[in-house]
Amino acid sequence: MKSKLYEAKYQPDIRSMRWSIWSALRLAFGVSPAFTTMQIIINVINGLFPAVTVMIQAVFVDTVLAIFAGEKEISQLILPLIGLFLWLLWQQFSGIFVKHGQGIRKRKMGVVLQNAFLKKISLIGYHRLEMPETQDLLRKVTLEPEEVEEETLNNITEIGILCLQNLSVFAIVVVHVWWAGFLLAAGAIPLSWLSLKAGNKNYQSQSDVTEKKRRYEYISQVLLGRDAVLERTLFSYVPFLNERYRSTFQEAYEVEKRTLFRGMVNMKAGGVISTLPALFAAFILIPGVRSGGLSVG
C-alpha cells in the first residue's frame with residue numbers, strides 16, 4: 001500500500017529524459033528529497049575531514065612538543081584530544097545514517113524506475129521489441145536499475161568529496177608555501193585523466209559483454225526450461241547448444257576477466273602514483289619548518 005501511495009506521489013517521465021549526472025540527481029531528489037539534502041550536507045562536512053584532521057593533529061603535535069619544552073601544561077592536551085575524538089565519532093555515525101538512508105531510497109527508486117520502464121516498454125512495437133539490439137538495450141537499462149542509479153549517485157558523491165578534500169588541503173598548503181600547492185594541483189591533472197580513461201574502458205567492456213550474456217542465458221533457458229522439453233527430445237540438439245553455451249560463456253568470461261585485471265592494475269598503480277605527491281609535499285615543506293615559517297605539527 002505504501003508503494004502505491006508513493007508511486008502516485010512521484011513518477012519520472014523517462015520518455016523524454018536524457019540520462020546524465022543531473023538526471024540522476026533530479027531522480028534522487030524526487031524520490032527522497034529530505035535524505036538526499038541531508039546526504040549532501042553530510043558529504044560537505046566529511047569532505048573537510050582531511051583538512052580538519054590535519055589542523056587538529058597539528059595542534060596536538062605542537063602542544064606535545066611545547067609540553068616537553070616546558071612551555072605548556074599537559075592539561076592543554078585535553079581540548080585537541082576531545083576535538084579529534086568527536087570528529088572521528090561523527091565519521092562513524094554519519095556513515096551509518098547515510099547507509100540506512102541509501103537502502104530506503106534504493107527500495108523506493110526500484111518501485112519508481114521499474115514502473116517507468118514498464119510504461120516505456122509498453123510503447124515499443126512488437127517487431128522492434130524482438131530485435132537483438134532492443135533486447136541488449138533492455139538488459140542494460142532494466143536489470144536492477146536502482147542499483148545502477150545508486151552506484152551513479154555514490155560515484156558523484158565520491159568525486160565531490162575528493163574534490164572538496166583536495167581543495168581544503170590545497171588551501172592549507174598554499175597558505176604556508178604557495179608554490180608547493182600549485183605544483184601538487186598540477187600533478188593531479190594527469191592522474192585524473194588516467195582515471196577517466198580507465199573508467200571509459202571498463203564501461204565499454206561491460207557494454208560489450210552484455211550481448212554475450214544475453215545469448216548464453218537464453219541458451220541456458222532452452223536447455224533447462226520445461227517449455228522446450230519436447231523439442232529437446234525430438235531434435236536432440238542438446239550437444240550442439242551445450243557447445244554454443246560453453247563458447248559464448250567463455251567469451252564473456254574472458255572479457256570480464258580482462259576488465260577486472262585492468263581495473264586492479266589501474267587501481268594499484270594509481271595508489272602508488274598518488275603517494276608521490278604526498279611525499280613531494282612533505283619534502284618541500286621541510287625548509288619551512290627549518291626556517292620557522294611552519295610548525296612541526
Side-chain angles (χ1 to χ4, degrees), residues 1-32 105-153 155-156 199-235 237-238 240-256 259:
M1 188 66 182
K2 288 184 178 179
S3 297
K4 291 183 178 179
L5 291 172
Y6 176 78
E7 189 177 326
K9 182 180 177 183
Y10 176 76
Q11 183 63 50
D13 183 10
I14 66 171
R15 291 174 298 175
S16 59
M17 183 183 292
R18 290 183 60 85
W19 295 95
S20 63
I21 291 175
W22 305 117
S23 66
L25 290 172
R26 283 199 305 272
L27 187 59
F29 275 105
V31 170
S32 185
R105 183 175 63 192
K106 187 165 68 174
R107 287 193 293 273
K108 291 180 178 180
M109 205 171 290
V111 174
V112 166
L113 288 177
Q114 290 292 350
N115 193 49
F117 280 129
L118 287 174
K119 288 181 180 179
K120 173 69 175 178
I121 293 169
S122 68
L123 300 174
I124 302 174
Y126 181 77
H127 67 289
R128 291 187 178 275
L129 191 61
E130 289 299 310
M131 293 172 63
E133 296 83 0
T134 306
Q135 289 298 314
D136 290 340
L137 185 59
L138 287 175
R139 179 182 173 84
K140 289 178 185 177
V141 299
T142 61
L143 189 63
E144 296 184 336
E146 67 276 9
E147 293 282 352
V148 178
E149 170 69 14
E150 198 61 42
E151 184 180 355
T152 301
L153 292 171
N155 290 336
I156 295 170
N200 287 331
K201 284 184 178 179
N202 288 343
Y203 176 79
Q204 188 58 49
S205 297
Q206 291 298 327
S207 182
D208 293 340
V209 85
T210 298
E211 184 265 342
K212 293 180 175 60
K213 279 187 173 181
R214 182 183 62 81
R215 287 195 178 193
Y216 74 66
E217 286 176 357
Y218 175 74
I219 294 172
S220 176
Q221 290 174 5
V222 174
L223 286 170
L224 302 175
R226 293 166 56 186
D227 295 338
V229 65
L230 294 177
E231 287 83 354
R232 286 199 300 268
T233 305
L234 180 62
F235 298 108
Y237 54 60
V238 171
F240 172 75
L241 286 185
N242 270 334
E243 179 58 29
R244 288 291 298 272
Y245 177 88
R246 188 201 62 79
S247 61
T248 309
F249 181 88
Q250 188 65 29
E251 289 175 10
Y253 169 74
E254 292 296 331
V255 173
E256 288 191 315
T259 302

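Everything numeric here is computed off the predicted structure, so don't read it as measured data.
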Colleague: Where do Leu153 and Leu27 land on the side-chain contact (heavy atoms from CB on, under 4.5 Å) test, with the steps shown first?
Modeller: CA-CA 10 Å; Leu153 292 171; Leu27 187 59; over 6 Å; no

Colleague: Ignoring hydrogens and geometry, is there a side-chain-to-backbone donor-acceptor pair from Thr248 to Tyr245 under 3.5 Å?
Modeller: no

Colleague: Output the distance between atom CG (Asn242) and atom OG (Ser247), rounded to the nearest 0.5 Å.
Modeller: 10.5 Å

Colleague: Rounded to the nearest 0.5 Å, what separation is found between the CZ atom of Phe240 and the CZ atom of Arg244?
Modeller: 5.0 Å

Colleague: Taking atom CE of Met109 and atom CD of Glu150, what is their separation to the nearest 0.5 Å?
Modeller: 5.5 Å

Colleague: Roughly how far, to the nearest 0.5 Å, is the CD atom of Gln250 from the CZ atom of Arg246?
Modeller: 6.5 Å

